[in-house]
Structure formats: structure tokens, C-alpha cells
Number of protein chains: 2
Amino acid sequence: MTVFQKGKVDIVAVAKAAKVSPSTVSRTFNHPDLVNPATRKKINKAVQRLGYIRNRAAQTMHGKRSGTIGLVVPTINHAIFSEVIQAFSDSIDKAGFSLLLASHGYDLNREYAMVRKFLEHRVDGVALVGLEHSDATNRLIKQQKIPALALWNYSEESPLPCVGADNHLAGRLATEHLLNLGHRDIGLIFPETQGNDRAQNRLSAVHDALGEVGVVVPDEHETQAPYSVSQAKQAALVLLTTSKRPTALLCGNDVIAQGALFAAQKLGLRVPEDLSIIGIGDFKGSADVEPGLTTIRIPAETIGALAGEKFTDFITSDDPKYFSIRCDLECVIRQTTRSLVTP
Amino acid sequence: MTVFQKGKVDIVAVAKAAKVSPSTVSRTFNHPDLVNPATRKKINKAVQRLGYIRNRAAQTMHGKRSGTIGLVVPTINHAIFSEVIQAFSDSIDKAGFSLLLASHGYDLNREYAMVRKFLEHRVDGVALVGLEHSDATNRLIKQQKIPALALWNYSEESPLPCVGADNHLAGRLATEHLLNLGHRDIGLIFPETQGNDRAQNRLSAVHDALGEVGVVVPDEHETQAPYSVSQAKQAALVLLTTSKRPTALLCGNDVIAQGALFAAQKLGLRVPEDLSIIGIGDFKGSADVEPGLTTIRIPAETIGALAGEKFTDFITSDDPKYFSIRCDLECVIRQTTRSLVTP
DNA sequence: CTAATTTATGAAAACATTTGCAATACTATT
DNA sequence: AATAGTATTGCAAATGTTTTCATAAATTAG
């Protein structure tokens with residue numbers, strides 16, 4: 001119980017206190033079965049008494065795993081990724097790993113810097129959001145032979161193991177939902193697609209799906225807004241007040257859709273009577289806004305949890321094999337979209 | 001440019017390639033002024049060529065800082081802390097530190113486990129949310145002499161350096177706002193206060209302030225809801241439909257307030273005409289809901305940024321001195337509260 | 001009761017750095 | 001030209017572990 005504050009308390013201090021050799025102390029931690037229960041008890045008592053805490057840096061230096069996994073996300077701040085981060089964190093924690101987290105603010109050069117930083121810390125793996133990364137990042141990963149994982153997106157051609165959803169499909173599902181309801185005047189609010197392959201995939205799929213049935217979106221019905229409720233609200237306000245109003249708004253994600261919804265409410269428009277709105281993502285909260293937001297559900301929690309599990313397996317396996325998992329999307333129809341075709 | 005994949009690339013490989021001693025390579029990194037510019041160039045070229053990345057584990061072992069700071073939050077998932085995490089992360093990144101992040105789900109025993117885990121990683125400091133921690137945690141921090149910081153809350157009596165706001169005051173401000181508007185029938189929706197000193201402080205301040213003017217809250221007007229929009233919505237639905245409806249709802253934070261707002265909307269109540277709602281926090285998005293949420297603004301970003309800055313200063317200083325910073329609160333009056341007293 | 005195992009422990013090398021000290025080479029001063 | 005600095009570099013010890021190998025003790029087999 002009492003604490004010897006005398007000098008450093010390292011493995012040899014413990015050894016001394018327990019009257020054994022450092023090797024034995026090390027073994028009690030790493031291969032308890034190899035040491036006599038009696039000595040083990042002695043050692044544990046010494047550990048308690050001295051308040052000894054193992055030094056992972058020293059272990060790492062010895063070639064053991066550092067027990068950390070680096071995760072680089074575009075942003076922590078918005079609801080978007082907090083759910084995956086949480087699930088991923090919990091999941092790797094279960095496997096005994098700690099999470100090093102960094103964000104790059106949609107700047108792929110900063111992403112590179114973060115990966116590098118993590119490499120200095122000798123993380124056992126890096127997880128990145130999305131499939132698009134700078135050449136430097138890809139080169140670094142290959143060169144350093146560090147286990148890497150692409151999170152959130154799914155693509156058959158992903159060079160890295162990946163766990164995520166097909167954003168192309170997400171865009172298509174959203175579009176089809178609106179088309180099925182009879183909408184032809186569709187407004188689009190998407191973020192800048194530069195350095196954001198999720199948004200890019202979704203948007204191009206939307207255009208494809210629309211094009212297939214001959215629907216064109218006039219310029220004034222397609223606008224950009226970052227992933228921010230307030231800025232999206234602003235953009236929607238503009239879109240809805242200048243020019244002839246579309247019958248439906250397809251939004252790059254749920255944050256934007258919420259902004260659009262609030263904009264409509266502010267303008268006194270009834271949703272879905274006067275305007276249909278669909279988002280992508282199904283973030284926490286999307287179900288609860290009034291009216292409930294129709295959206296394409298991306299199972300963030302599943303993705304995070306699964307990714308954490310598979311990745312730690314991958315890292316700890318002796319012969320790790322490439323894996324890639326596509327998580328299912330689902331169109332969640334709530335109350336912000338309605339059919340134009342009267343039955 | 002080309003990469004020698006031959007064996008480990010460590011500081012001695014670099015030394016060999018640059019035809020100098022390992023010491024000199026080390027010095028180029030740590031004390032560049034002590035090495036001849038010409039040799040430095042040679043070494044840098046070798047570093048490039050071999051793709052060498054410094055090993056922080058080895059540095060750490062040598063007594064240098066690990067360059068990591070551990071942050072333990074109750075939850076990553078909800079909007080509540082994502083803003084502080086982001087700001088804190090960015091802030092410490094500027095000072096060259098990396099963030100180890102963990103969450104404990106409002107379980108202080110898990111908080112202890114996380115701190116311990118971080119200690120194994122030899123973090124240079126731990127930041128915790130709130131002032132209430134388990135005895136074990138407090139003991140551990142003191143015993144290991146690890147720099148620690150209390151984030152989010154402010155209190156004069158905090159044993160740890162802290163950067164945050166006075167939650168007691170937040171509760172009081174919210175209450176006073178409603179009282180000033182003439183409300184006397186006030187409903188309360190707060191989370192479980194066990195292990196959550198923020199909520200506890202706020203709630204007790206509310207009761208104090210109410211008590212001072214002789215207002216009592218009947219049991220059926222005080223209910224519990226976790227920090228979840230949907231569950232809060234549910235709780236509000238119940239509160240608003242059973243028994244005589246209060247004229248105002250004071251919510252433990254903005255997530256709950258949003259839930260309450262949506263509940264009111266679902267019930268067809270007009271806010272603020274039929275019901276006033278006030279939250280605490282002013283999260284991202286609170287300004288944008290329709291109608292805009294009246295709330296007590298806790299400057300999350302400022303707290304995170306300031307905390308990161310002060311804490312890294314503290315850690316890197318030769319004679320660190322205790323500090324504690326109280327961040328100002330502000331009642332942000334938007335459109336969910338109205339005066340009952342007709343002027 | 002001795003030989004052959006098995007179990008338990010310790011000694012020492014290895015891991016990738018940093019740094020104090022010593023040695024060398026160079027420059028400025030008288 | 002000799003002396004005193006100063007700038008640059010290398011050597012070796014130190015950091016806290018883990019693990020291989022060897023040794024000693026205890027157990028089992030014959």
C-alpha cells in the first residue's frame with residue numbers, strides 16, 4: 001500500500017523488492033504460466049507496493065507492438081465521424097490497443113503529416129478515412145510496410161483493406177428514392193468534392209442516375225455548402241428563394257440536410273408538402289428532428305466496430321490476409337419526402 | 001529517392017550511409033546547431049534515401065518526452081465533447097504533441113483504467129473532463145506525478161489545474177433567464193448526475209436559484225434523460241403530456257433541449273408561444289435549429305484550445321506552475337424563450 | 001537410487017536512441 | 001610560431017524492457 005518514492009520504479013526496482021531477477025518480473029507479465037505461483041504473488045505484491053507501471057516504450061523498443069493504432073479523420077468536430085471514432089475506439093480498446101487520433105481538415109497534405117507523426121510513435125497500424133490519399137501518403141505506407149486500413153468507404157479496387165460503404169451506391173439510392181416519388185425538379189447541395197472522395201462518389205452517382213432518366217439539374221439548383229448546419233442552412237436559403245423552387249432537395253449528407261430543413265422551416269415551407277428533403281448518412285439525431293429526416297443510412301457504428309475488430313485481428317495475426325468489407329446501405333424513409341404522383 | 005529495403009533502417013543505418021557516427025545523426029535531429037552544415041546535409045540526404053523515421057519509443061526510453069498527451073472524455077459520440085476534442089487536438093498538435101484519446105461512458109472506474117493505460121504509454125500528461133474522479137484515479141495521478149489537467153469545469157477548489165466554465169453558474173444563469181421572463185412553472189430535464197459533476201452542479205444551482213424565489217418544481221415536472229436527442233425527446237413527450245404542462249423547460253444541456261424542442265413540435269406546441277425552452281452548452285447546431293435555441297453558451301472551442309495551449313506550456317516548462325482558467329459563460333437569447341409578463 | 005525430464009530462475013545480449021566526455025581539427029591571438 | 005580557444009565529431013555508457021540460453025532444483029521414471 002505504501003509507496004516507495006525512492007528513485008525510479010522500474011522493473012529492476014520491483015525485482016529487487018521481490019528478491020528475484022528482472023527476468024522473472026518480466027515473465028510474470030508476459031508469460032505468467034512460466035513462473036511459480038508463489039513468486040508471482042511476491043512480485044505482484046511488490047508491484048502494488050511500488051506502484052509500478054509497465055513501460056510500453058521500452059517494450060516497443062524491444063520489437064513488441066506499441067499497442068497503439070493511429071486514426072486520421074477529416075474532422076472530429078462534426079457529428080459525421082464522431083460515431084465511427086467512438087465505435088472504432090471502443091473496438092480496438094477491447095483488443096488492448098490505444099487510439100492515437102488526429103484530424104486533417106480535409107487537407108490531404110496534413111493527412112500525410114499526421115501519418116508520419118504516427119509512424120514516429122511506431123503505431124501498430126494506421127486507419128484512414130476514405131480511399132483517396134496523397135501519393136506521398138500511399139508511398140509512405142507502402143515503404144514503411146505499416147498495416148493500413150481504409151475506413152468508411154468501400155470499393156472493390158481499394159488497394160488497402162477497407163471497411164465501409166459504397167458511396168456511389170448511396171448517391172444512387174437517394175436519387176432513386178426521389179425519382180420513384182415522382183420528383184424531377186431536384187436541387188443538389190453538396191460539399192466541395194476536392195479531397196473528399198465520399199462526396200465525389202455520391203455526387204457523380206447522383207448525376208449518373210439523374211442522367212439515365214434524362215433529368216438535368218439547372219445550375220441554380222446545384223450549390224455547394226460545407227458540412228455545417230448553419231452554412232448549409234444559408235446555402236439552402238439562397239437556393240430556395242432565388243429562381244423557381246425545386247420540389248425536392250438531395251443533400252450531400254445529413255448535416256446539410258438538417259440545414260436545408262431548418263432553412264425550409266424558416267421560410268415557412270412545409271416539409272414534405274412543399275418540399276421534400278433527403279440526406280445521406282443517418283447521423284444520430286436525424287431520426288429525431290421534426291419531421292424525421294429521410295436519408296440513406298450509413299451504419300457508422302457497425303463500420304467503426306467492425307473495422308476495429310478486423311484491423312486488430314489483422315495486426316495481431318501471424319499471417320495477415322487482405323480483407324475488405326462492404327457494409328450495407330439502406331434507404332430510411334421518414335417524413336421529409338413525399339410522393340408527387342397521386343395514386 | 002530510391003529506398004534501401006535492406007534490413008532495419010535505424011539511426012545507425014543512416015550513420016553508415018552518411019559515413020558518420022550515430023551520435024552525429026542524433027545530433028542533427030536534436031541539436032542541429034552543433035553539427036556542421038555540410039555533414040548535416042549529407043545526413044539529411046541519407047535520411048531521405050533510406051526513408052528513415054525517428055523512433056519516439058527509443059527517445060522516450062531515454063527520458064525524453066513521449067510527445068503524447070492522453071485525453072479521457074465521457075463520450076466521443078455525442079456532439080457534446082467533439083468540439084473540445086477537436087480544439088484540444090489541434091492545439092496540442094501545434095506544440096508537437098499527439099493525442100491519445102479514450103472514453104469512459106460516464107463510468108469513473110473505466111476512467112481509471114484509461115488513465116492507467118495512458119500511463120503505460122508514458123504520456124507526458126493526462127487531461128480529464130470534469131473535476132470528479134475516483135479516489136483511485138486521484139491517487140494514481142498524485143503517485144505517478146504525472147501532469148494532469150481538468151477540462152471543461154472550473155472551480156476555485158480544483159486540486160488539478162483546470163480550464164473550463166463554472167457549471168454552477170451555468171445552471172443559475174439559465175434559471176435566472178427564465179425567472180426574469182416571468183416563468184414560475186418550470187420543467188426540468190437533466191441527465192443522471194451520478195458520476196457527472198457538470199450535470200450535478202448545474203442542477204443544484206437551478207434548485208438553489210429557484211428556491212431563493214420560492215419556486216418549487218413538482219416531481220412530475222422533473223425528469224431524467226440521458227444525453228441523447230431521441231431519449232430526451234421521449235422524456236419530454238411524457239413530461240409535456242402527463243399533468244399540467246409547465247410554461248418553460250430548462251434542460252441539462254442542448255442535446256436534451258433539442259429533444260425537448262422536437263417533442264414540442266411533434267405535439268403541435270408552438271415554441272416559444274406555448275412553451276419556452278432553454279438549454280445549456282450552445283453546441284454546434286443549436287443556433288440553427290428552427291426556432292433558434294436559447295441557451296447558456298459554454299465556449300467549448302475556447303476551452304479546448306486554451307487548455308491545449310496552457311497544458312503543453314505546463315508540460316514543457318522547467319518550473320511549471322499551477323494554473324486555472326475560468327472561461328466566461330453567456331446567456332444566448334434566441335427564439336425558444338419568451339416573456340410571460342406583458343409589458 | 002540414479003538417470004532423465006521438467007520446472008523455475010538468472011545472466012547477458014539486444015532493442016534504438018541520447019548525451020557526457022574526450023579527442024581531434026581548425027581559427028584566432030600574441 | 002606557439003598558445004588558447006572553439007567547432008566538430010566519435011566513443012561508450014545509459015535508458016527499461018524482453019528473450020535466448022544456461023543452470024539449478026525438483027520431479028518422475030526405470
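Within every chain, numbering begins at 1; the chains are lettered A, B, ... in the order of the sequence lines, protein sequences first and strands thereafter.
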Notebook entry, point to check: Between A:S158 (side chain) and A:L160 (backbone), is there a donor-acceptor pair under 3.5 Å?
Noted result: yes

Check: Do side-chain atoms of A:R110 reach the backbone of A:S103 as a donor and acceptor pair under 3.5 angstrom?
Finding: yes

Grab the [atom1]-[atom2] distance between [X] and [N] for me, whole Å please.
X      : N      : atom1 : atom2 : value
B:M61  : D:dT17 : CE    : P     : 9 Å
B:F29  : C:dT19 : CZ    : P     : 14 Å
A:K64  : D:dG16 : NZ    : P     : 18 Å
A:I11  : D:dT19 : CD1   : C1'   : 12 Å
B:K16  : D:dG10 : NZ    : P     : 14 Å
A:N55  : D:dT15 : CG    : P     : 13 Å
A:I53  : D:dT17 : CD1   : P     : 11 Å
B:H121 : D:dG16 : NE2   : P     : 18 Å

Can you name the atoms? Protein N/O to nucleotides 5-9 of chain C N/O, anything below 3.5 Å, with the distance.
residue, atom, partner, partner atom, Å
C:dT9, OP1, A:T39, OG1, 3.0
C:dT9, OP2, A:N36, N, 3.1
C:dT9, OP2, A:T39, OG1, 3.0

Under-4.0 Å side-chain N/O to phosphate OP1/OP2 contact, [X] with [N]:
X     : N      : answer
B:R54 : C:dT18 : yes
A:Q59 : D:dT18 : yes
B:H62 : C:dA16 : no

Next item on the list: First locate atom OG of A:S66, then atom CG of A:D124, and finally report the distance between them rounded to the nearest 0.5 Å.
Entry: 3.5 Å

Note to self: Less than 4.0 angstrom from a charged side-chain N to a carboxylate O is my criterion; do A:E120 and B:R56 meet it?
What the structure shows: yes

Determine all donor-acceptor pairs shorter than 3.5 Å in which one atom belongs to a side chain in residues 306-316 of chain A; sequence neighbours excluded.
residue, atom, partner, partner atom, Å
A:T312, OG1, A:G308, O, 2.8
A:T312, OG1, A:E309, O, 2.9
A:T316, OG1, A:T312, O, 2.8
A:T316, OG1, A:D313, O, 3.3

Notebook entry, point to check: How about B:E111 and B:S134: does a side-chain donor come under 3.5 Å of a side-chain acceptor?
Noted result: no

Notebook entry, point to check: In terms of the angle between their ring planes, are A:W152 and A:F81 parallel, tilted or perpendicular, with boundaries placed at 30° and 60°?
Noted result: perpendicular

Notebook entry, point to check: Between C:dT17, D:dT17, C:dA11, which nucleotide has the shortest distance from any of its atoms to the side chain of A:S23?
Noted result: C:dA11

